[in-house]
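Atoms considered below: every heavy atom in the structure, side chains included; atoms not considered: hydrogens, waters and symmetry mates. We name chains A, B, ... by the order of the sequence lines, and we start the count at 1 in each one.
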Amino acid sequence: MSTATLDSKPTVPDEIPSFTATIIVRRFDPDKDAEPYWQDFDVVMYGTDRVLDALHKIKWEQDGSLSFRRSCAHGVCGSDAMRINGRNRLACKTLLKDLDISKPIYIEAIKGLPLEKDLIVDMDPFFESYKAINPFLISNTPSKDGKERKQSPVERARFDDTTKCILCAACTSSCPVFWTDGQYFGPAAIVNAHRFIFDSRDEGAQVRLDILNDKEGVWRCRTTFNCSEACPRGIQVTQAIAEVKQAVMRGRA
Amino acid sequence: MPDKTAGTLATTSRRAPVIKPPKRLVGTVYRGREGMWSWVLHRITGVAIYFFLLVHILDTSLVRLSPEAYNAVINTYKTPIMGLGETALVVAIGFHALNGLRIILIDFWSVGAKYQRLMFWIVIALWIVLLVGFVPRQFMHIFGAH
């Protein structure tokens with residue numbers, strides 16, 4: 001063991017390099033504004049900062065009226081999905097240095113859901129679709145000896161991708177079909193249906209497939225792949241929807 | 001010795017692709033990728049082909065009513081403007097047909113969704129090959145003496 005000497009001290013730069021980022025936020029206050037408008041903010045940020053840090057800095061130091069949702073700030077709760085430079089991203093998972101900081105960064109609310117204030121939208125229609133596909137285990141047979149329902153690793157892997165969903169609505173609000181037809185279930189609801197349809201322990205697949213065979217169900221999907229591109233968890237959403245389509249056609253998962 | 005630990009791990013991180021900012025519009029246009037734009041083009045060409053078919057069925061059905069009227073209508077089509085219209089029609093049908101095959105593969109081929117982006121560029125390549133073969137010949141018909 002080495003003794004505590006100071007000669008191999010890690011080199012710390014005198015000043016951590018910073019840059020000025022221009023953030024342009026689409027603001028809307030239903031009490032004052034008839035239409036949303038763009039507002040510019042200049043903030044001094046660091047290479048390790050995320051878009052969420054920039055929004056915090058604006059809210060805490062420049063304009064306290066800026067409204068946005070966030071909770072865990074680490075990509076788990078799914079509260080801060082927003083349109084960053086025209087693409088749906090989680091503000092807490094998007095580093096400023098991965099954006100083009102020589103140009104302004106545009107931030108606006110996700111599209112297709114009713115705008116409430118600034119970056120906050122009404123998520124009720126989104127969660128109604130989610131509830132409609134019965135997102136819980138349906139089983140009519142009691143478990144063996146009253147213990148857990150066992151599953152092989154292969155059976156678990158079948159729906160592993162769709163278990164990752166955090167219900168942030170980045171996929172659903174990136175879908176051109178959902179923008180024009182709010183009745184469409186949307187990618188997130190279908191992803192969560194997929195999670196149970198292909199679960200070997202679940203017996204409610206037929207119920208969900210019947211729900212999704214509706215006019216506003218899986219057949220509304222036009223395979224634009226915006227959802228797969230927007231998903232902050234990397235779920236292959238369009239692939240999952242395609243699998244549900246196949247299951248509907250064959251009448252069984 | 002703890003001189004090579006967590007600090008060295010950070011240097012191997014890959015740089016995520018830069019998302020460039022959009023033009024400042026009323027609200028930004030969603031910046032979808034190949035999948036979204038192929039869908040937009042598919043929809044535009046589809047609607048255009050629909051209107052062509054509407055007219056096409058009407059003018060072709062004239063031959064049953066009176067062949068003279070049919071000939072009169074068809075003769076009005078032999079102008080450079082209609083020739084350009086025919087070119088646009090082949091351009092639209094070419095994309096719609098090839099991209100339609102891509103969509104069928106996405107829906108029915110098990111790895112179709114995985115290779116959709118590659119398939120889009122194959123569609124564009126085949127489309128260009130098709131047009132390179134067709135457009136010069138068509139322009140010779142329209143503008144050249146024959």
TODO: Work out which heavy atom in B/A113 is nearest to a heavy atom in A/Q239; give both atom names and the distance.
DONE: CB-OE1, 3.1 Å

- [ ] Indicate yes or no for a side-chain donor-acceptor contact from B/R31 to the backbone of A/G86 under 3.5 Å, with no hydrogens or angles considered.
- [x] no

Task: Over 12 non-hydrogen atoms of neighbours within 6.0 angstrom of OH in B/Y77 - done: yes

Task: The single option from B/M36, B/R43, B/H42 passing side chain to side chain contact (heavy atoms under 4.5 Å, CB included) against A/R222 - done: B/R43

Task: Note, B/Q116 side chain near A/T223 side chain (heavy atom, < 4.5 Å) - done: no

TODO: Please indicate whether B/Y115 has more than 12 foreign heavy atoms, meaning atoms of other residues, nucleotides or ligands, lying under 6.0 Å from its OH.
DONE: no

Open item on the list: Which one wins on heavy-atom pair count under 4.5 Å against chain A: B/V111, B/D107, B/I103?
Closed with: B/D107

- [ ] List the atom of A/N226, the atom of B/R33, and the distance in Å for their closest heavy-atom pair.
- [x] OD1-N, 4.2 Å

- [ ] Answer yes or no: does atom CD1 of A/I16 have more than 12 heavy-atom neighbours from other residues, nucleotides or ligands under 6.0 Å?
- [x] no

Open item on the list: For the CD1 atom of A/I241 and the CD1 atom of B/I106, what is their distance to the nearest 0.5 Å?
Closed with: 12.0 Å

TODO: Just give me the residue among A/K111, A/K245, A/R83, A/Q236 that pairs up with chain B most often, heavy atom to heavy atom, under 4.5 Å.
DONE: A/R83

Task: pair A/M249-B/F108: side-chain heavy atoms closer than 4.5 Å - done: yes

- [ ] Measure A/S228 against the heavy atoms of chain B and call it side chain, backbone, both or neither at under 4.5 Å.
- [x] neither

Task: Min side-chain heavy-atom separation A/F225-B/E34 under 4.5 Å - done: no

Open item on the list: Please check if the number of heavy atoms outside A/K164 that lie under 6.0 Å from its NZ is greater than 12.
Closed with: yes

TODO: Could you tell me whether the side chain of A/E243 and the main chain of B/S110 form a donor-acceptor pair under 3.5 Å?
DONE: no

Task: Residues, nucleotides or ligands: over 12 heavy atoms within 6.0 Å of B/I81 CD1 - done: no

Task: Close aromatic pair by centroid cut-off 6.0 Å: B/Y30 and A/W179 - done: yes

